[in-house]
Peer 1: 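Before I ask anything, here is the structure I am working with.
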Amino acid sequence: MSAAITSPLSPENWPFGLENLPESAYLVGGAVRDALLSRAVGDLDLDFVVLSEAVNTAKTIASHYQAGFVLLDAERQIARVVFPGVTVDFAQAEGGSLEVDLGRRDFTINTIAYHPITKTFFDPYQGQQDLKQGLMRMISRENLADDPLRLLRGYRQAAQLGFVIEPETKQTIADLASLLPRVAAERIRTELGYLLNTPLGVPKLIEAWKIGLISPWFSSLGDRCDRLKNLDHVAAAVSQTYPPLAKPLSESVRETIKMSQLAIAKLATMTSEDRDQAEAELITLKYSRVEIRGVLALLGTFQQLQPTPIADLSIRQQYFLFANVGEFFPALVVLSIAAGASLQEFTTLINHYLNPDDAIAHPQPVISGKLLMAKLGLSPSPLLGDLLQEIQIAKAEGQISTREDAIAIASQKMLELNL
């Protein structure tokens, strides 16, 4: 097994010189693992273990290269140097030796150390052998119990790497599953995010649910496992038939939200079908307002579609469908097809969505609220909002096209309300 040419094992790819490292420094963790797997990664993330003076080493490098310096843990001597596109962490070896430090980690594939000066590996737990076999193997039960997030992280890394969790390790994770709720919700949510966004994540999520690891937050998933399994396949088929839908399905919903619409659809499948219960589950896991809104919009609109065949939706119903689901419409398509609908049923709605000038999916104001108030003697109120909405629906139905038409239909609606 050899490292890739551009791997983090090569000092020429670092933003600092090899001469800045003490002789006791070893590169450890994910960078070594990914290099040995020739696995492409995004920004470079380097972790070094040194026998002494870890914080001073980081300070010296940060000062010399005018990089950012962050003291992460003064007592344990852990510090970070931040370069553009590269993060470098320095930590003092726990227990005073490299072997003891590595022995306190989670899985063998993360315990391989590389000495950049001698270009040799230190692998006391046979992590390279497990890499070759594609196995996630624990160092010890105690290490997993010390930080229960490692239980879920094992499934996440197995999904990202396409690895199998070794049977004894899987049983130990199951035995310790009840410890995971002790972990901060934000940390659990982060691991779930990786699994939801990873193509091989769904099988691991289902495995984790079956052993009770994530069931405290998704108690009712069982009935929808088949639907969850089908989402990635459906998304690929939808994207192939309608390429413009591929981007919203695969990329982050917002710059600040690291979840794709497909991931939101998976999350909606995992939560309770009761919207209040689903909201409570998501709040417990500290999901953002955008993510919660997306899941609830999908659940609500998906449930509304069940009694009414899509082909029978009136223009008014189609208008409200788009108004309710908003930007998450591509996720609704995937979610509905995974539940048994056909792509053909969605043809009309997809065509509306893909046309930026469409009056049903992307309504544009016919008249401003200010002008309507002036013409009809109205003041700001819920009635004004209702009238503007009725004008938009009338436009979508082809009944009106001008401001004068809009004023006329608003006047008619007011007469019907005896106003």
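All values derive from a computational prediction rather than experimental measurement. Residue numbers run from 1 in the order of the sequence given.
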Peer 1: Hey, are the side chains of Phe320 and Gln389 touching, using non-hydrogen atoms and a 4.5 Å cut-off?
Peer 2: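 Phe320 vs Gln389: side chains touch.
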Peer 1: Would you say Gln66 has more than 12 foreign heavy atoms packed within less than 6.0 Å of its CD?
Peer 2: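 12 or below, so no.
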Peer 1: Has the side chain of Glu191 got a donor or acceptor atom that lies under 3.5 Å from a matching backbone atom of Leu151?
Peer 2: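 Side chain of Glu191 to backbone of Leu151, a donor-acceptor pair under 3.5 Å: no, none is there.
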Peer 1: For the residue pair Ala25 and Pro116, what are the closest heavy atoms and their distance?
Peer 2: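 Scanning both residues completely, I find the closest heavy atoms to be O-CD, 3.6 Å.
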Peer 1: Ignoring hydrogens, what is the shortest heavy-atom contact between Leu46 and Pro8? Give both atom names and the distance.
Peer 2: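 For Leu46 versus Pro8, the nearest heavy atoms are CD2-CB, 3.6 Å.
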Peer 1: Whether the Asn110 and Gln157 side chains hold a donor-acceptor pair (N or O, under 3.5 Å, no angle test) is what I'd like checked.
Peer 2: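 A pair is found: one side chain offers a donor N or O, the other an acceptor, under 3.5 Å apart.
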Peer 1: Is the shortest heavy-atom distance from the side chain of Val88 to the side chain of Trp14 under 4.5 Å?
Peer 2: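 Not touching, per the 4.5 Å side-chain cut-off.
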Peer 1: Could you tell me whether Glu186 atom CD has more than 12 heavy atoms of other residues or ligands within 6.0 Å of it?
Peer 2: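 Enclosed: over 12 neighbouring heavy atoms sit under 6.0 Å from CD of Glu186.
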Peer 1: So, Arg224 side chain and Thr271 main chain: donor-acceptor pair closer than 3.5 Å or not?
Peer 2: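 Yes, because the side chain of Arg224 sits within donor-acceptor range (under 3.5 Å) of the backbone of Thr271.
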Peer 1: If every non-hydrogen atom of Met259 is compared with every non-hydrogen atom of Tyr287, which pair is closest and at what distance?
Peer 2: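 Looks like SD-CE2, 3.8 Å.
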Peer 1: Short question: side chain of Ser10, backbone of Glu12 - any donor-acceptor pair under 3.5 Å?
Peer 2: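 Judged by distance alone, no pair lies under 3.5 Å.
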Peer 1: Are any non-hydrogen side-chain atoms of Asp147 and Arg187 less than 4.5 angstrom apart?
Peer 2: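 Answer yes - side chains close enough.
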Peer 1: Where the side chain of Asp312 meets the backbone of Pro309, is there a donor-acceptor pair that is under 3.5 Å apart?
Peer 2: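 Side chain of Asp312 to backbone of Pro309: no pair is present.
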Peer 1: Show, in sequence, the C-alpha distance, side-chain angles and deciding distance for Ile292 and Glu279, and conclude whether the side-chain contact (heavy atoms from CB on, under 4.5 Å) test is met.
Peer 2: CA-CA 7 Å; Ile292 294 174; Glu279 184 175 16; 4.2 Å; yes
Peer 1: I need the Ile112 CD1 to Leu27 CG distance, nearest 0.5 Å.
Peer 2: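 Those atoms lie 11.0 Å apart.
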Peer 1: More than 12 heavy atoms of other residues, nucleotides or ligands under 6.0 Å from CD of Gln303: yes or no?
Peer 2: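 Counting neighbours around CD of Gln303, more than 12 heavy atoms of other residues, nucleotides or ligands fall under 6.0 Å, so yes.
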Peer 1: Checking Arg275 side chain against Leu296 main chain: does a donor-acceptor pair fall under 3.5 Å?
Peer 2: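 Yes, the answer is positive, given that a donor and an acceptor are paired below the 3.5 Å cut-off.
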Peer 1: Check whether any side-chain heavy atom of Phe329 sits under 4.5 Å from a side-chain heavy atom of Gln261, and report yes or no.
Peer 2: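 When only atoms from C-beta onward are counted, Gln261 and Phe329 do not touch, as no gap falls below 4.5 Å.
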Peer 1: Rounded to the nearest 0.5 Å, what's the gap from CD on Glu397 to CD1 on Ile360? Could you check?
Peer 2: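 Result: 8.5 Å between the selected atoms.
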Peer 1: Taking all atoms of both residues into account, what is the closest heavy-atom pair of Pro244 and Leu354, and its distance?
Peer 2: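 Minimum heavy-atom contact is CB-CD2, 3.7 Å.
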Peer 1: Do Phe16 and His64 have side chains that approach each other closer than 4.5 Å (heavy atoms only, starting at C-beta)?
Peer 2: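 Answer no - side chains too far apart.
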Peer 1: Let's go through Asp47 and Val49 carefully: what are the C-alpha distance in whole Å and the side-chain angles of both, what is the deciding distance for side-chain contact (heavy atoms from CB on, under 4.5 Å) to 0.1 Å, and is it a yes or a no?
Peer 2: CA-CA 7 Å; Asp47 292 288; Val49 168; over 6 Å; no
Peer 1: Heavy atoms, side chains only, cut-off 4.5 Å: are Thr190 and Leu149 in contact?
Peer 2: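 Side-chain contact under 4.5 Å: no.
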Peer 1: Counting distance only, does the side-chain N/O of Gln92 pair as donor-acceptor with the main-chain N or O of Ile78 below 3.5 Å?
Peer 2: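 No, because the side chain of Gln92 does not come within donor-acceptor range (under 3.5 Å) of the backbone of Ile78.
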Peer 1: Quick one: does Thr169's side chain have a donor or acceptor within less than 3.5 Å of a partner on Ile165's backbone?
Peer 2: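 Not confirmed, Thr169 side chain does not pair with Ile165 backbone.
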Peer 1: More than 12 heavy atoms of other residues, nucleotides or ligands under 6.0 Å from CZ of Arg189: is that the case?
Peer 2: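 Yes, the 6.0 Å shell around CZ holds more than 12 heavy atoms from other groups.
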Peer 1: Under the 3.5 angstrom rule, does the side chain of Trp209 hit a backbone N or O of Phe218 as a donor-acceptor pair?
Peer 2: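 Looks like yes, one N/O pair under 3.5 Å.
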Peer 1: Taking the side chain as everything from C-beta on, heavy atoms only, tell me whether Leu305 gets closer than 4.5 Å to Leu332.
Peer 2: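 With C-beta onward as the side chain, the pair touches.
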Peer 1: Treating Ser24 as the side-chain partner and Leu51 as the backbone partner, does any N or O pair qualify as donor plus acceptor under 3.5 Å?
Peer 2: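 Such a contact is found between Ser24 side chain and Leu51 backbone.
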Peer 1: Output, in order, the C-alpha distance, side-chain angles, deciding distance and verdict of side-chain contact (heavy atoms from CB on, under 4.5 Å) for Glu291 and Leu282.
Peer 2: CA-CA 9 Å; Glu291 291 161 332; Leu282 297 174; over 6 Å; no
Peer 1: Is it the case that atom NE2 in His233 sees more than 12 heavy atoms from other parts of the structure closer than 6.0 Å?
Peer 2: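 Not more than 12 within 6.0 Å, no.
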Peer 1: Determine whether Gln304 and Asn324 satisfy the following criterion, side-chain contact (heavy atoms from CB on, under 4.5 Å), listing intermediate values before the conclusion.
Peer 2: CA-CA 11 Å; Gln304 290 168 9; Asn324 290 336; 3.7 Å; yes
Peer 1: Crowded around Phe69 CZ? As in, over 12 foreign heavy atoms under 6.0 Å?
Peer 2: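 Check passes, neighbour count above 12.
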Peer 1: Quick one: are Arg39 and Leu161 in side-chain contact, heavy atoms under 4.5 Å?
Peer 2: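 Yes, at least one pair of side-chain atoms sits under 4.5 Å.
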Peer 1: So, are Arg76 and Glu94 salt-bridged, with charged N and O less than 4.0 Å apart?
Peer 2: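 Salt bridge: yes.
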Peer 1: Could you check, using the six-membered ring where one of them is a Trp, whether Phe121 and His115 have ring centers closer than 6.0 angstrom?
Peer 2: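 No; His115 has its ring centre 6.0 Å or more from that of Phe121.
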Peer 1: Hey, is CD on Glu168 packed in by over 12 heavy atoms from elsewhere, all under 6.0 Å?
Peer 2: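 Not more than 12 within 6.0 Å, no.
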Peer 1: For Glu53 and Asn56, test the side chains for any donor-to-acceptor distance below 3.5 angstrom and give the result as yes or no.
Peer 2: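 Per modelled atom types, Glu53 and Asn56 side chains form a pair under 3.5 Å.
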Peer 1: Consider side-chain contact (heavy atoms from CB on, under 4.5 Å). Of Leu205, Asp232, Asn197, which one does Lys266 pass it with?
Peer 2: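 Answer to the side-chain contact (heavy atoms from CB on, under 4.5 Å) test with Lys266 among Leu205, Asp232, Asn197: Asp232.
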Peer 1: Return yes if some donor-acceptor pair links the side-chain N/O of Arg150 with the main-chain N/O of Asn143 below 3.5 Å, else return no.
Peer 2: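 Present.
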Peer 1: Compare every heavy atom of Thr172 with every heavy atom of Arg141, then report the nearest pair and how far apart it is.
Peer 2: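 Arg141 and Thr172 have their closest heavy atoms at CG-CG2, 3.7 Å.
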Peer 1: What's the shortest heavy-atom distance between Leu144 and Asp106, and which atoms?
Peer 2: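 So the minimum-distance heavy-atom pair works out to CD2-O, 4.4 Å.
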Peer 1: Salt-bridge test for Arg104 and Glu142: reply yes if a basic N is under 4.0 Å from a carboxylate O, no otherwise.
Peer 2: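 Salt bridge flag = no for Glu142 with Arg104.
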Peer 1: In terms of relative ring orientation, are Phe48 and Phe90 parallel, tilted or perpendicular, with 30° and 60° separating the classes?
Peer 2: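 It falls in the parallel class, under 30°.
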Peer 1: If you measure only the distance, is there a donor-acceptor pair under 3.5 Å linking the side chains of Gln171 and Asp175?
Peer 2: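 Their side chains do contain a donor-acceptor pair, which is all the 3.5 Å distance test asks for.
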